[in-house]
Every structure is written in structure tokens, then in C-alpha cells.
Amino acid sequence: MPLLTLKEALQFSVDQRYAVGAFNIANYVMAEGVIRAAEEKGLPVIINIAEVHFQILDMDNFMHYLLDRVHRSPAPMVIHLDHGYTYENIIKAIHYGFTSVMFDGSKLPYKENVARTREIVRIAHAAGVSVEAELGHVAGLEGEPGSANEADTSAFTEPEEAERFVKETGIDALAVSIGTVHGVYKDEPRLDFARLKEIRKRVDIPLVLHGGTGLSREDFRKVIASGINKINFFTGNSVSAVEAVRKELSDKERYIDLPELILIAQRKVKEVTMEQMEIFRTRPLAEQDKE
Ligand code: 13P
């Protein structure tokens with residue numbers, strides 16, 4: 001199936017109140033786990049590749065595999081650049097064949113975030129590529145169980161500013177800060193649903209939630225009902241796969257070879273991704289335009 005842009009994959013999600021998962025991959029094992037989950041479920045998926053993972057992935061070689069794999073798959077997929085900070089890497093991603101890019105100017109002053117995001121939108125849209133940007137800032141680092149993260153309430157997204165930002169930049173999806181963090185939470189997450197509902201009222205493009213790991217089913221139900229359409233998820237897959245491998249290795253009597261060990265990790269990524277797709281209420285593409 002041909003690749004979808006983020007805009008295409010989320011085009012019915014605002015009206016129909018569901019979310020599509022954006023699962024970060026940083027190697028072939030995670031990629032296969034996520035792709036096989038989408039294939040088994042027959043559901044669309046967003047493959048997230050963060051700029052920080054470009055180096056460990058060896059992108060020139062990795063993209064040959066990924067593009068070929070995705071084109072030969074029956075599952076509808078988006079290849080999305082997660083947390084693009086530099087102009088160079090965003091252009092590189094477009095050149096590699098990504099169908100969507102995130103420009104993360106969330107730590108910049110408002111005006112500069114608008115100016116730089118607009119420039120990326122001009123370039124990406126000229127190439128038929130969607131753009132996600134972030135306003136307000138979601139704290140924390142993904143995948144680090146050792147460091148517990150706390151939401152910074154002073155960096156939450158202001159609804160009125162979000163409305164302006166979307167108009168001024170022309171982006172296709174907006175990442176908001178409402179209480180989630182990347183990676184592992186220090187305390188119970190406390191999400192500002194009222195703020196999210198207010199943003200949803202003022203903004204008609206898909207809204208993105210970063211820091212999906214660590215929320216309860218009920219939190220997910222509520223954020224989706226309140227207007228979230230794309231949910232980023234990484235640490236949960238990584239931690240679960242490592243745990244599964246650790247458990248297998250704890251039985252010192254059992255012989256296990258490398259291919260089997262890697263398959264255990266891949267199957268875990270697939271299992272967790274499928275679970276999350278259910279929780280996100282992701283709908284098959286064919287059903288999405290029926291309402
Ligand atoms: P988690 O690692 O907390 O799931 O967050 C992933 C994310 O937001 C990637 O951008």
C-alpha cells in the first residue's frame with residue numbers, strides 16, 4: 001500500500017473522535033514489531049523516527065529496508081519524523097521519503113517558533129509532506145526508566161495561543177502540553193482535560209499527545225474524548241520488550257540463541273502495539289470515511 005501523509009491518516013479522526021498511534025522505532029526489531037501489529041490488526045499506524053535516532057539507525061541503509069517493507073505491506077502507514085530540531089535533518093527526512101515531519105520549536109519564544117515552523121511548512125508542503133509542530137513544552141526524555149519526569153505546568157499550552165499558532169503557521173497537526181511527560185512519570189500523571197477541551201474548541205486540526213507511556217486506560221479514553229488524535233508511544237514498548245528478554249534470560253538452565261532472543265523482543269513490541277491500538281480506538285481506513 002502506498003504511504004499516507006499524516007494529514008491523510010488523520011483526516012477523519014477529529015470528527016470521529018479516535019486516535020492513531022505513533023510508535024517510535026529505533027531499530028529493525030522495533031520496526032517489524034510495529035509493522036506486524038498494524039498488519040495483524042488491519043489498522044493504520046504512524047511509524048515515528050526521532051531525529052536523535054538517525055545516527056544509531058544508519059538512515060541511508062535503514063530507509064531502503066523501511067520504504068520497501070512499507071510499500072509491500074497491506075497496512076496503511078505514515079513515516080513521520082519525531083522531534084525534528086534542525087533544518088538539515090528535516091530536509092534530510094523529506095529527502096529520505098518521510099511523509100510527515102515534526103518541527104519541535106517548543107522551547108523557542110512564541111514568535112521564533114511561529115517563524116521557523118512556517119518556513120518548514122512551506123518547504124514540506126511543497127514536497128507533499130505533512131507538518132506537526134509543538135506549542136507549550138512536553139518535558140522529559142523517552143525510554144529512561146532511571147530518570148522519573150515531572151510535567152512543567154508553566155509550559156502547558158495556552159488555548160488562545162494555540163488557535164493563533166495554527167492560523168499563523170498552517171501546520172497539519174498540533175502537539176499540546178497538558179500534563180504528560182516523555183518517559184517514566186515521577187508521580188501519577190495529572191492531566192488538564194479542561195485545557196485540552198478548550199484547545200479542541202478553538203483548533204480544528206488533529207491534536208497530538210506526546211508521552212503516551214504511563215497513562216491509564218481511563219486517561220486515554222478521556223484524552224481521546226477531549227480531542228486527541230495522535231498519540232506518541234515509545235518507552236512502554238522498549239521497557240516491555242526488555243522485561244520479556246530479561247525474564248527469558250533469568251532461567252539459566254534454558255539454552256536460548258540470539259535469533260530467538262530477538263524474536264522475543266519483537267513479539268513483545270507487536271503485542272504491546274496491538275494493545276495500544278485497541279486503547280486508542282484506531283479505526284481501519286475503510287471504515288473511517290463512512291460516517
Ligand atoms: P513515551 O516514551 O513516554 O511513550 O513518549 C513517546 C513520545 O512522546 C515520542 O515523541
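Remember, it's 1-based here, ligands and their atoms both numbered in the order they're listed. It should be emphasised that the depicted structure is a prediction, and the values quoted were computed from it without experimental measurement. All residue numbers refer to positions in the sequence shown, counting from 1. Computed from heavy atoms alone, side chains included, the values below leave out hydrogens, waters and symmetry copies.
Remark: ligand 1 and H210 share an N or O pair separated by less than 3.5 Å (distance only, no angle test). The shortest N or O to N or O distance between N48 and ligand 1 is not below 3.5 Å. Inclusion of G236 in the set of residues having an N or O under 3.5 Å from an N or O of ligand 1 is not warranted. Geometrically, ligand 1 and F233 share no nitrogen or oxygen pair separated by less than 3.5 Å.
Taking a cut-off of under 4.0 Å to the non-hydrogen atoms of T235, the atoms of ligand 1 that pass are 1 (P), 2 (O), 3 (O), 4 (O). Atoms of ligand 1 found under 4.0 Å from any heavy atom of N24 (numbered from 1 in listed order, with element): 9 (C). For ligand 1, the atoms sitting less than 4.0 Å from at least one non-hydrogen atom of G212 are 3 (O), 4 (O), 5 (O), numbered in the order shown with element in parentheses. For ligand 1, the atoms closer than 4.0 angstrom to any heavy atom of G183 are 1 (P), 2 (O), 3 (O). Of all atoms in ligand 1, numbered sequentially from 1 with element shown, those under 4.0 Å from a heavy atom of H83 are 10 (O). In the vicinity of F234, heavy-atom distances shorter than 4.0 Å reach the ligand 1 atoms 1 (P), 2 (O), 4 (O), 6 (C).
Pairing each heavy atom of N229 with each of P206, the nearest pair is OD1-CA, 3.3 Å. Taking both residues in full, the closest heavy atoms of A9 and V78 are given as CB-CG2, 3.5 Å, listed atom of the first, atom of the second, then distance.
Sequence neighbours left out, the pairs with a member in residues 47-92 that pass ring pair (Phe, Tyr, Trp, His ring centres under 6.0 Å) are Y28-F62, Y28-Y65, H53-F234, F62-Y65, H83-H182, H83-H210.
Taking all heavy atoms of H80, Q276, H182 into account, the minimum distance to atom 7 (C) of ligand 1 is reached by H182.
Around CD of E161, the count of heavy atoms belonging to other residues, nucleotides or ligands within 6.0 Å exceeds 12.
Under 3.5 Å, the side chains of S73 and E39 contain a donor-acceptor pair of N or O atoms. Counting only N and O atoms by type, the side chains of N113 and S106 include no donor and acceptor under 3.5 Å apart. Using a 3.5 Å distance cut-off with no hydrogens or angles, the side chains of N232 and N24 do not pair a donor with an acceptor.
Only the side chain of D82 comes within 4.0 Å of ligand 1, counting heavy atoms alone; its backbone N, CA, C and O stay farther away.
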Expected list for residues 186-194: side-chain donor-acceptor pairs under 3.5 angstrom, two or more places apart:
from, atom 1, to, atom 2, distance (Å)
D192, OD1, R195, N, 3.1
D192, OD2, R195, NE, 2.9

